[in-house]
Amino acid sequence: MKIKVKTNISSEYEEPILTINAPEMTDEIKTVVDYVSKLGTVPSQIVANKDNEIYFVDLEKVICFFSEDKYNYIRTKDDVYRLKYKLYEIEEIFGGSDFIRISKSCIININQVKCFDTSILGTIIVKLKDDTQEKVSKRNVPQIMKMLNERGKMI
């Protein structure tokens with residue numbers, strides 16, 4: 001389905017209004033509505049700590065959130081920080097944005113992905129921009145494939 005976009009910019013409007021006219025509700029329209037609904041609600045930073053110091057970490061610098069030894073962490077290109085949130089809370093806060101769960105212990109920033117290696121049948125290895133890699137659990141393979149197909153259609 002091709003979606004036509006029309007804009008009407010005028011000083012007569014006090015705030016932006018998005019109207020969708022369609023013959024029926026489709027998955028594409030639901031995706032657009034979900035995305036637009038979350039605009040401005042997702043924070044741009046997250047609080048984390050390292051060596052008893054508290055930091056504001058920019059989400060665009062986050063490569064992944066991960067669990068290890070009963071604690072949760074944020075990995076950036078330059079450092080690793082401890083996180084007070086549980087991974088399911090991170091998924092609730094940032095789900096539907098640029099973060100996607102790939103396993104029970106890892107949520108990646110799709111903007112920090114170098115490539116997806118699908119050379120092993122039924123397995124996906126995510127190669128990240130910091131030259132690390134994470135394995136997608138079999139449970140999450142369909143979700144990753146769906147995301148890749150959706151993003152592929154946008155290009």
Side-chain angles (χ1 to χ4, degrees), residues 1-50 54-67 72-118 124-130 132 134 136-155:
M1 167 198 268
K2 184 176 180 182
I3 298 177
K4 296 179 182 177
V5 177
K6 295 181 181 180
T7 57
N8 185 6
I9 308 299
S10 172
S11 60
E12 71 182 71
Y13 300 110
E14 292 181 23
E15 61 184 27
I17 299 171
L18 179 66
T19 304
I20 297 175
N21 300 310
E24 63 183 14
M25 181 60 82
T26 64
D27 288 341
E28 289 91 354
I29 293 172
K30 287 178 187 174
T31 300
V32 169
V33 169
D34 289 344
Y35 179 79
V36 171
S37 297
K38 290 182 180 179
L39 286 176
T41 62
V42 177
S44 62
Q45 295 180 324
I46 189 163
V47 175
N49 64 60
K50 181 182 174 197
I54 297 173
Y55 294 88
F56 290 101
V57 180
D58 291 331
L59 288 176
E60 64 190 30
K61 294 181 180 178
V62 172
I63 292 171
C64 68
F65 298 97
F66 67 97
S67 294
N72 296 319
Y73 300 91
I74 297 172
R75 187 169 69 233
T76 66
K77 181 181 175 187
D78 302 317
D79 228 330
V80 174
Y81 303 89
R82 193 159 149 203
L83 193 58
K84 70 175 185 172
Y85 299 101
K86 306 226 181 298
L87 288 186
Y88 76 85
E89 294 173 317
I90 294 297
E91 194 172 24
E92 288 173 5
I93 295 168
F94 302 115
S97 61
D98 292 331
F99 293 90
I100 188 165
R101 185 181 282 267
I102 62 165
S103 68
K104 183 179 177 182
S105 62
C106 187
I107 298 172
I108 61 166
N109 180 346
I110 58 175
N111 296 317
Q112 294 291 337
V113 172
K114 189 185 296 183
C115 67
F116 292 89
D117 182 350
T118 57
I124 300 174
I125 303 294
V126 181
K127 295 183 179 181
L128 299 161
K129 290 182 179 176
D130 68 343
T132 61
E134 299 286 342
V136 177
S137 68
K138 291 199 183 298
R139 168 188 281 183
N140 294 88
V141 167
Q143 180 184 358
I144 297 298
M145 293 308 294
K146 180 182 177 197
M147 183 270 304
L148 289 172
N149 287 331
E150 287 172 355
R151 293 216 167 210
K153 290 177 185 175
M154 292 180 167
I155 297 173

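Keep in mind it's a predicted model, so treat the numbers as computed, not measured. All residue numbers refer to positions in the sequence shown, counting from 1.
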For residues 3-12, dump all side-chain donor-acceptor pairs below 3.5 Å to protein atoms at least two apart in sequence or in another chain.
residue: Asn8; atom: ND2; partner: Tyr13; partner atom: OH; Å: 3.1
residue: Ser10; atom: OG; partner: Glu12; partner atom: N; Å: 3.2
residue: Ser10; atom: OG; partner: Glu12; partner atom: OE1; Å: 3.4

- Using side chain to side chain contact (heavy atoms under 4.5 Å, CB included) as the criterion, list what pairs up with Glu60, not counting sequence neighbours. Asp58
- Message: How long is the straight-line distance from NZ of Lys30 back to CD of Glu28, given to the nearest 0.5 Å?
- Response: 10.5 Å
- Apply the test side chain to side chain contact (heavy atoms under 4.5 Å, CB included) to residues Ile108 and Cys64: give CA-CA distance (whole Å), side-chain angles for both, the deciding distance (0.1 Å), then the verdict. CA-CA 4 Å; Ile108 61 166; Cys64 68; 4.2 Å; yes
- Message: Ignoring hydrogens and geometry beyond distance, is a side-chain donor-acceptor pair present between Thr132 and Asp130 at under 3.5 Å?
- Response: yes
- Are any of the side-chain heavy atoms of Val136 and Ile125 separated by less than 4.5 Å? no
- How long is the span from the NZ atom in Lys129 to the CG atom in Asn111, to the nearest 0.5 Å? 7.0 Å
- Item | Student check: side-chain heavy atoms of Asp79 and Tyr55 closer than 4.5 Å | no
- Message: Is the shortest side-chain heavy-atom distance between Leu18 and Pro16 below 4.5 Å?
- Response: no
- Of the options Lys114, Lys104, Arg75, Lys127, which is the one that meets Glu134 in a salt bridge (charged side-chain N to carboxylate O under 4.0 Å, His left out)? Arg75
- Note on the structure: Separation between NZ (Lys146) and CG (Asp27), nearest 0.5 Å, reads 6.5 Å
- Step-by-step side chain to side chain contact (heavy atoms under 4.5 Å, CB included) determination, Ile107 to Ile100: CA-CA 5 Å; Ile107 298 172; Ile100 188 165; 5.8 Å; no
- Looking only at heavy atoms, what is the nearest atom pair of Val80 and Lys50, with distance? O-CD, 3.7 Å
- Does any N or O in the side chain of Lys77 come within less than 3.5 Å of the main-chain N or O of Ile63, such that one atom is a donor and the other an acceptor? no
- Evaluate the side-chain proximity of Leu59 to Phe99: yes if any heavy-atom separation is below 4.5 Å, no if none is. yes
- Query: Does Asn140 offer a backbone N or O that forms a donor-acceptor pair with the side chain of Gln143 under 3.5 Å?
  - Reply: no
- One should read off an interatomic distance between Lys86 NZ and Glu92 CD, to the nearest 0.5 angstrom, of 12.0 Å
- Item | Parallel, tilted or perpendicular: ring planes of Phe65 versus Phe94, cut at 30 and 60 degrees | parallel
- Message: Quick one, Leu83 and Ile90 - any side-chain contact, counting heavy atoms below 4.5 Å?
- Response: yes
- Message: Counting neighbours of CD1 on Ile20 that are heavy atoms of other residues, nucleotides or ligands and sit closer than 6.0 Å, is the number greater than 12?
- Response: yes
- Nearest heavy-atom pair of Ala48 and Ile74: which atoms, and what distance? CB-CD1, 3.8 Å
- Looking at Phe116 and Ile144, what are the two nearest heavy atoms and their distance? CE2-CG2, 3.9 Å
- Item | Atom of Thr118, atom of Ile124 and distance for their closest heavy-atom approach | CG2-CG1, 4.0 Å
- Evaluate side chain to side chain contact (heavy atoms under 4.5 Å, CB included) for Phe56 paired with Val47, printing each intermediate quantity in order. CA-CA 5 Å; Phe56 290 101; Val47 175; 3.6 Å; yes
- Please answer whether the main-chain N or O of Val62 pairs with a side-chain N or O of Asn109 as donor and acceptor at a distance below 3.5 Å. yes
